[in-house]
Amino acid sequence: PQPTYPPQPTYPPQPTYPPQPTYPPHPTSQSGYPQQTCTQHFHITTHLNGYVLDIPGCNRENGVKIITYPKNSPPSDNQLWKFDYQPDGTFLIISKLHGKVLDCGGQTQGTELIMWDRHGGNNQRFRKEGNHIVSLSGLTLDIQGGNTAPGAHIILWSRNNPPSNNQKFDSEPHGHHHQPQPTSYPSQPAYPGYPPQPAYPQPGYPSQPTYPPQPGYPQSGYPPQSGYPPQPGYPSQPGYPLQPGYPPQ
């Protein structure tokens, strides 16, 4: 019988690496702004004519209507505002004059914006969508009728299509502590990751030897089977030798 080889040895399984850690998401609110109260004050400037939101006459009463007016020089508190960002990404617009906030009442089309004591309700919350300041009803701040005269009122209105400058506003920082709010965070660095797992043979493991194929007969180490030597056959009979007593044939 042909000899059998012992079974080939098996290696232990390759070790696995723990999963790569993930970075926590950046804490951003809507429009890419951090969720925080901004302590810096701003002018809120219209694209229509460069006028700013203004509390007329520095009136400190609830219910006073907001207007647009040329920017005062030196700057005055009735034209300066700060933004208080909420966890849901909305913000309140707070006057430097008295701490009251911009309020849009019933949030219906045509509602005039007023000043009111802060309570944080939906009618005092806004979000930024490009250059639009939008209420929770989806209506945007609008200079009524596109009026370019000083004293024009601010109302809520459906967003115009195409967009119009009487619905576009910018916030321009005031003072010596200008730190523009980021619109995006830098990209997270790529995690270096783990080195790829090497294939076998691994360092420290010898490569698995292979056995030579089992030869057929004759096998190495076995003499070839010669079979039987050829039978020489019988030599031709030269005739029978004369057997004594028999006459020649």
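Along the sequence shown, residues are numbered consecutively beginning with 1.
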Arg159 and Asp142 ion-paired at < 4.0 Å: no
Quick one: does His132's side chain have a donor or acceptor within less than 3.5 Å of a partner on Val134's backbone? no
So does Lys100 get a backbone contact from the side chain of His98, meaning a donor-acceptor N/O pair under 3.5 Å? yes
For Gln86 and Asp84, indicate whether the former's side chain and the latter's backbone hold a donor-acceptor pair under 3.5 Å. yes
Given 3.5 Å as the limit, does a donor-acceptor pair link the side chain of Lys128 with the main chain of Gly130, or not? yes
Donor-acceptor contact below 3.5 Å, side chain Asn160 vs main chain Pro162: no
Do the side chains of Ser76 and Cys58 get nearer than 4.5 Å, heavy atoms only? no
Phe42 reachable from Ile154 in the ILVMFWY side-chain graph, under 4.5 Å edges: yes
Hey, is the main chain of Leu136 close enough, under 3.5 Å, to the side chain of Arg125 for a donor-acceptor pair? no
Does the pair Arg118 and Asp103 meet the rule for a salt bridge (Lys or Arg N to Asp or Glu O under 4.0 Å), with working shown? CA-CA 9 Å; Arg118 175 177 178 164; Asp103 188 298; over 6 Å; no
Heavy-atom nearest pair, Thr46 first then Leu48, reads OG1-N, 2.9 Å
To the nearest 0.5 angstrom, please state how far the CG atom of Leu53 sits from the CG atom of Asn78. 11.0 Å
Testing the basics here: between Pro56 and Ile67, what is the closest heavy-atom pair and its distance to 0.1 Å? CB-CD1, 3.8 Å
Minimal heavy-atom distance between Ile143 and Ala152, with the atoms involved, is CG2-CB, 3.8 Å
State, without any angle test, whether Gln40 and His174 hold a side-chain donor-acceptor pair at a distance under 3.5 Å. no
Quick one: closest heavy-atom pair of Phe126 and Leu102, and the distance? CE1-O, 3.7 Å
Hydrophobic clustering (ILVMFWY, side-chain heavy atoms < 4.5 Å, transitive) - are Leu97 and Val64 grouped together? yes
Between Lys71 and Asp54, does any NZ, NE, NH1 or NH2 come within less than 4.0 Å of an OD or OE carboxylate oxygen? no
Taking atom types as modelled, find out whether Gln144 and His153 have a side-chain donor-acceptor pair closer than 3.5 angstrom. no
Is the distance between the ring centroids of Tyr69 and Tyr51 less than 6.0 Å? no
Determine, stepwise, if the pair Leu141 / Ile155 fulfils side chain to side chain contact (heavy atoms under 4.5 Å, CB included). CA-CA 6 Å; Leu141 268 63; Ile155 63 171; over 6 Å; no
Closest heavy-atom contact between Pro163 and Lys168? CB-CE, 3.7 Å
So, the side chain of Thr140 versus the backbone of Ile133: is there a donor-acceptor pair under 3.5 Å, distance only? yes
Quick one: do Ile66 and Leu139 end up in the same hydrophobic cluster if we chain Ile, Leu, Val, Met, Phe, Trp and Tyr together by side-chain heavy atoms under 4.5 Å apart? yes
Is the backbone N or O of Asp117 less than 3.5 Å from a side-chain atom of Gln124, with the two atoms forming a donor-acceptor pair by type? yes
Would a hydrophobic clustering, with Ile, Leu, Val, Met, Phe, Trp and Tyr connected at side-chain separations under 4.5 Å, put Ile55 with Leu113? yes
Hydrophobic clusters here meaning ILVMFWY residues chained together by side-chain heavy-atom distances under 4.5 Å, can you tell me if Leu80 and Ile114 are in one? no
Can you measure from CD (Gln109) to CG (Leu156) and round to the nearest 0.5 angstrom? 8.5 Å
Ignoring hydrogens and geometry, is there a side-chain-to-backbone donor-acceptor pair from Gln167 to Ser158 under 3.5 Å? yes
Please find the pair of heavy atoms, one from Ser135 and one from Arg127, that lie closest to each other, and give the distance. O-NH1, 3.6 Å
Rounding to 0.5 Å, atoms NZ (Lys82) and OG (Ser171) come to a distance of 15.0 Å
Are Phe83 and Ile93 close enough that some pair of their side-chain heavy atoms sits under 4.5 Å apart? yes
More than 12 non-hydrogen atoms from neighbouring residues, nucleotides or ligands closer than 6.0 Å to NZ on Lys96, yes or no? yes
